[in-house]
Amino acid sequence: MAKTLTLEIVTPDKMVLKEEVDYVGAPGINGEFGVLPNHIPFLSALGIGSLYYKLNGKKYYVFIAGGFAEVSPAKVTVLAEVAEKAEDIDLERARRAQDRAEQRTKQQQEKQEYAMVQAALTRALHRMKCRQTAIGEGTCRA
Amino acid sequence: MASLRDIQNKIVGVKKTKQITKAMNMVASAKLRGAQSRIERFRPYADKFNDILIDLASRADASVHPLLERREEILTIGVVLVTSDKGLCGSFNANLCNAALKLAKQKEAEGKTVKFICIGKKGRDFIRKTKFELVAQYPENMTNFDFQLASEAGDIVINGYLSAQFDEVHIVYGKFVNIAKQEATTAQVLPAETAESADASGASSEYLFEPSVEGLLAELLPRYVKVQMYRGLLDTSASEHAARMSAMDNATKNCDEMVGSLTLVYNKARQASITTQLMDIVGGAEALKG
């Protein structure tokens with residue numbers, strides 16, 4: 001019986017993370033789900049939000065946008081389109097993206113553009129939230 | 001025999017060519033480093049992606065998604081040909097074009113229509129000269145591309161497939177094996193190839209899906225096509241630089257050799273002219289003595 005989980009987060013650009021962890025909480029497309037070691041095999045699409053894992057009682061956060069996660073008893077593989085560790089998130093940039101998106105929501109838009117702007121806004125907000133939660137947990141420098 | 005001045009000019013010319021090939025070699029090796037690290041960082045993602053997709057597809061019936069379904073009657077074949085934009089990289093592009101042409105001829109002999117989608121200028125120029133139809137082309141993109149390009153080309157492939165413009169899609173690209181070895185590789189993109197004999201142990205074990213298998217497939221399959229395309233692009237770009245590096249390395253060596261042999265010719269010519277001059281002087285002196 002596995003006592004820990006191997007968490008692997010891979011994006012098209014690089015391997016973001018590979019670590020032995022105690023617990024993983026991920027933003028599934030149908031709501032958040034938690035994974036402990038010896039979880040039943042499971043495959044889920046991921047939404048936009050914060051993924052966190054517990055290691056030695058501390059919670060670490062990673063921002064995730066799109067992709068999916070495969071869970072096996074001793075391993076969680078996350079294939080995300082975008083993944084950023086809380087400490088790598090650029091708050092300034094996220095804030096600018098938020099401003100830009102909010103500006104554009106005020107203008108008249110096509111349906112498709114509206115969806116794009118909304119998605120950008122959601123990403124920006126979740127990025128900031130992810131980093132702030134991590135700072136709150138003390139696993140990321142302010 | 002060429003005059004001394006001619007030979008000297010030629011030596012200077014070859015030396016200048018050598019400078020250029022040497023510089024190109026260094027540029028290619030610098031670019032290769034970037035391209036190589038890109039493909040190496042992308043491969044884990046692509047491999048994992050394929051594993052999961054194959055696993056998933058083996059659990060579902062092929063009829064759940066049109067991109068998985070094998071068509072009974074295959075009339076048109078789409079070939080995505082990925083080449084570089086620029087030449088001077090040895091036989092790299094020629095190999096890719098020949099591989100594509102071979103595939104096209106083979107399919108044509110089976111009575112199928114072949115249509116091309118070309119990414120990279122060299123392949124486009126080559127296919128233009130053949131009788132095959134060119135559906136879409138992306139020249140001048142290979143020097144600087146990102147996932148967006150793979151995405152655009154992928155959309156064309158997917159839409160073409162769904163609208164029955166293609167019944168099968170293949171990709172021809174230069175697989176980057178290592179610096180000294182690049183292979184023209186052909187792979188089937190659509191219908192997505194799934195392992196026919198899914199390992200029984202995996203299939204029988206309980207597995208949860210969220211949302212349903214069908215929902216996941218609908219999301220993953222289009223992305224799978226794009227991942228395949230992107231991989232082809234990255235591989236080709238790394239291979240291109242590697243091929244150019246070795247081609248330029250060879251060219252530099254050839255220049256060295258040529259300078260060597262030209263110098264020899266030059267020295268021979270110089271000696272010959274000195275000898276003739278001496279003979280003239282001696283002859284003249286003899287005549288004066290007379």
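In what follows, chains are A, B, ... by sequence order, proteins preceding strands, each numbered from 1. This one's a predicted model, so the numbers in the text were calculated from it and none came from an experiment.
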TODO: Could you tell me the separation between the CZ atom of B:Phe147 and the CD atom of A:Glu81, rounded to the nearest 0.5 Å?
DONE: 7.0 Å
Open item on the list: How about CG on B:Asn178, more than 12 heavy atoms from neighbouring residues, nucleotides or ligands closer than 6.0 Å, or not?
Closed with: yes
Open item on the list: Around atom NZ of B:Lys226, are there more than 12 heavy atoms from other residues, nucleotides or ligands closer than 6.0 Å?
Closed with: yes
- [ ] Flag the pair A:Phe68 / B:Phe49 as yes when their ring centroid distance falls below 6.0 Å, and as no otherwise.
- [x] yes
Task: Heavy atoms of other groups near A:Arg93 CZ, more than 12 under 6.0 Å - done: no
Open item on the list: Please classify the contact between B:Leu220 and chain A as side chain, backbone, both or neither, with a heavy-atom cut-off of under 4.5 Å.
Closed with: side chain
- [ ] Any chance you could measure B:Leu208, atom CG, to A:Ser44, atom OG, to the nearest 0.5 Å?
- [x] 10.0 Å
- [ ] Would you check, one step at a time, whether the test side chain to side chain contact (heavy atoms under 4.5 Å, CB included) holds for A:Ile29 with B:Glu219?
- [x] CA-CA 12 Å; A:Ile29 207 154; B:Glu219 191 156 325; 4.3 Å; yes
Open item on the list: Take a 6.0 Å sphere around CZ of A:Arg104 and say whether it holds more than 12 heavy atoms from other residues, nucleotides or ligands.
Closed with: no
Task: B:Ile52 side chain reached by A:Leu43 side chain, heavy atoms, under 4.5 Å - done: yes
Open item on the list: Please classify the contact of A:Ser72 with chain B as side chain, backbone, both or neither, using a heavy-atom distance under 4.5 Å.
Closed with: neither
TODO: Kindly check if the number of other-residue, nucleotide or ligand heavy atoms within 6.0 Å of CE (A:Met116) is above 12?
DONE: no
Task: Closest contact, heavy atoms only, B:Lys48 versus A:Leu79 - done: CB-CD2, 3.7 Å
Task: Nearest-0.5 Å distance that lies between atom CZ in B:Phe42 and atom CG in A:Asp13 - done: 9.0 Å
TODO: Against chain A, label B:Arg231 side chain, backbone, both or neither, depending on which of its atoms sit under 4.5 Å from a heavy atom there.
DONE: neither
